[in-house]
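Take a look at the structure below.
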Amino acid sequence: MARARVSLWAICVLRVALATVYFQEEFLDGERWRNRWVQSTNDSQFGLFRVSSGKFYGHKEKDKGLQTTQNSRFYAISASFKPFSNKGKTLVIQYTVKHEQKMDCGGGYIKVFPSDLDQKNLNGKSQYYIMFGPDICGFDNKNVHVILYFKNQYHANKKPIRCKVDGFTHLYTLILRPDLSYEVKVDGQSIESGSIEYDWNLTSLKKMEKTSAESQAWDQVEGNKAQDWEKHFLDASASKPSEWNSELDGDWLQKPPYQDGLKAEGIDKDVWLHRKMKPASYLTQYDLSEFENIGAIGLELWQVRSGTIFDNFLITDDEEYAEQFGKATWGETKGPEKEMDAVQAKEEVKRAREQDEEELGMGRFHRHNSQLSRFHRQGEL
């Protein structure tokens, strides 16, 4: 039994060691993060970021992340990395976000961009591949976005996914698999999963190609048959050929089955015209959830009240590695963070009570002095 546990542990370690990590950011090297992240200068009114662990945290250094600092602003910042393609591979995108200001209206999502992103000019019109994460505005909009770029358009998940709305740090994970399945996790727990085709109401290019190939093969067979008997079908006065076999070829038709020389009765016009159409160019492009040159990650969002902290960014091809990374970061500090918040809350209650008592005492003192003043004035009269 002990030997089995050791073998299992060795397999897990080996798997994590073989994971490909495309991007990982924890902001543990002071101000050097500015060498990796590029603030967009597309708009002079864009809000500024700083690295901070916030007003409460589980670990002052480990919990440092990018924090929004100005109210009612758009924000745009990004970091680039070596371009890669996830074609045929699992893609895992993960990060933590903390709305310690108790978000009322604003984004907490991230975007993954192609490698040709103009980082200095990042803005709301910049093309992205994936948009993922929480978006909160009022009582109705408290959702987790999962938007994918496919065939030159953006497509959102049709299922509503609820996000966290408290002021603590939460771990968001998106998994896109080669079999076109997906999974969304919050704090390590799966909250939504399924088929990308079904939940986005899209059709895989592989399925399109298969259908197209089957249609072409069927069309060729039917086309050959039509050519063999066309001279008979087009001539309504033609007599039944001697080689005609009713059991194999069906009843002899005395009228032309073609309408305007284009469509055969009982055969879909789209199929007959298929041979005249050139293959669509998108059949050679990347399929659902497959992207050619992933090369940047960033924040491009709006916030009414600032204070959100983004941290522990990860892009990898290994679900196990992402899980372990989440446990080693958010998993280690989530408990102490809540403990520090509870301590601060008690201290605030204590200060408020002391302030109320002080104000109450001052009020009594002022009332007493006022009564003495009136007494002395009455004595003078």
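Only heavy atoms go into these numbers, but all of them, side chains included; no hydrogens, no water, no symmetry mates.
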Can you check whether [X] reaches [Y] side chain to side chain, under 4.5 Å on heavy atoms?
X: Asn71; Y: Val304; answer: no
X: Leu117; Y: Ser126; answer: yes
X: Val92; Y: Leu314; answer: no
X: Phe74; Y: Gln45; answer: no
X: Glu300; Y: Asn42; answer: no
X: Ser78; Y: Ile297; answer: no

Interatomic spacing from [atom1] in [X] to [atom2] in [Y] - rounded to 0.5 Å:
X: Ile309; Y: His99; atom1: CD1; atom2: NE2; result: 11.0 Å
X: Leu299; Y: Tyr109; atom1: CG; atom2: OH; result: 10.0 Å
X: Asn123; Y: Thr41; atom1: CG; atom2: OG1; result: 10.5 Å
X: Arg177; Y: Ser195; atom1: CZ; atom2: OG; result: 12.0 Å
X: His155; Y: Ile147; atom1: NE2; atom2: CD1; result: 11.0 Å
X: Ser306; Y: Phe49; atom1: OG; atom2: CZ; result: 10.5 Å

Item checked: Electrostatic pair Glu100:Lys55 at N-O distance under 4.0 angstrom -> no
Margin query: Any carboxylate oxygen within less than 4.0 angstrom of a Lys/Arg side-chain nitrogen, looking at Lys62 and Glu332?
Written below: no
Next item on the list: Using the six-membered ring wherever Trp is involved, compare the ring planes of Phe310 and Phe313 and label them parallel, tilted or perpendicular (cut-offs 30° and 60°).
Entry: parallel
Checklist line | Pair listing, side-chain hydrogen bond (donor to acceptor under 3.5 Å, both in side chains) test, anchored in residues 127-139, at least two apart | finding: Asp135-His145
Check: What side-chain hydrogen bond (donor to acceptor under 3.5 Å, both in side chains) pairs are there with at least one residue in residues 335-347, not counting sequence neighbours?
Finding: Thr169-Glu337
Quick one: closest heavy-atom pair of [X] and [Y], and the distance?
X: Phe132; Y: Ile93; result: CE2-O, 4.1 Å
X: Thr333; Y: Asp63; result: OG1-OD1, 3.1 Å
X: Tyr321; Y: Ala19; result: CB-CB, 3.8 Å
X: Ile315; Y: Phe84; result: CG2-CZ, 3.9 Å
X: Lys98; Y: Ser53; result: NZ-O, 3.3 Å
X: Tyr22; Y: Phe81; result: O-CB, 3.7 Å

Neighbour count above 12 (heavy atom, 6.0 Å) for [X] [atom1]:
X: Gln189; atom1: CD; value: no
X: Tyr198; atom1: OH; value: no
X: Arg351; atom1: CZ; value: yes
X: Lys185; atom1: NZ; value: yes

Kindly say whether [Y] contributes a backbone atom to a donor-acceptor pair with the side chain of [X] at under 3.5 angstrom?
X: Asp187; Y: His170; value: no
X: Gln24; Y: Glu26; value: no
X: Gln119; Y: Val38; value: no
X: Asn312; Y: Thr96; value: no

Margin query: Same cluster or not: Trp37 versus Phe113, using hydrophobic residues (I, L, V, M, F, W, Y) connected whenever any side-chain heavy atoms lie under 4.5 Å apart?
Written below: yes
Next item on the list: Tell me, with the steps shown, if Asp116 and Asn293 meet side chain to side chain contact (heavy atoms under 4.5 Å, CB included).
Entry: CA-CA 8 Å; Asp116 61 357; Asn293 288 307; over 6 Å; no
Notebook entry, point to check: Using the benzene-type ring in the case of Trp, are the ring centres of Tyr182 and Trp200 under 6.0 Å apart?
Noted result: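 That pair passes the under 6.0 Å test.
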Checklist line | Passing candidate, salt bridge (Lys or Arg N to Asp or Glu O under 4.0 Å) with Glu192, options Lys158, Arg162, Lys159 | finding: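 Filter result, single survivor: Lys159.
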Looking just at side-chain N and O atoms, do [X] and [Y] make a donor-acceptor pair shorter than 3.5 Å?
X: Ser193; Y: Glu183; result: no
X: Ser181; Y: Asp179; result: yes
X: Asn141; Y: Asn143; result: yes

Next item on the list: Take Leu148 and Ile130, measure what side chain to side chain contact (heavy atoms under 4.5 Å, CB included) needs, and give me the verdict at the end.
Entry: CA-CA 5 Å; Leu148 305 178; Ile130 300 169; 4.0 Å; yes
Item checked: Derivation and outcome, side chain to side chain contact (heavy atoms under 4.5 Å, CB included), residues Thr308 and Leu301 -> CA-CA 11 Å; Thr308 300; Leu301 43 82; over 6 Å; no
Next item on the list: Show which residues join Val349 in its hydrophobic cluster (side-chain heavy-atom contacts under 4.5 Å, direct or indirect), or state none.
Entry: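 Besides Val349, the hydrophobic cluster comprises nothing; the residue is isolated.
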Notebook entry, point to check: Step by step, would you call Gln153 with Leu202 a side chain to side chain contact (heavy atoms under 4.5 Å, CB included)?
Noted result: CA-CA 11 Å; Gln153 290 184 341; Leu202 296 170; over 6 Å; no
Margin query: So, applying side chain to side chain contact (heavy atoms under 4.5 Å, CB included) with Phe46, which one of Arg73, Gln70, Gln39 is it?
Written below: Gln39
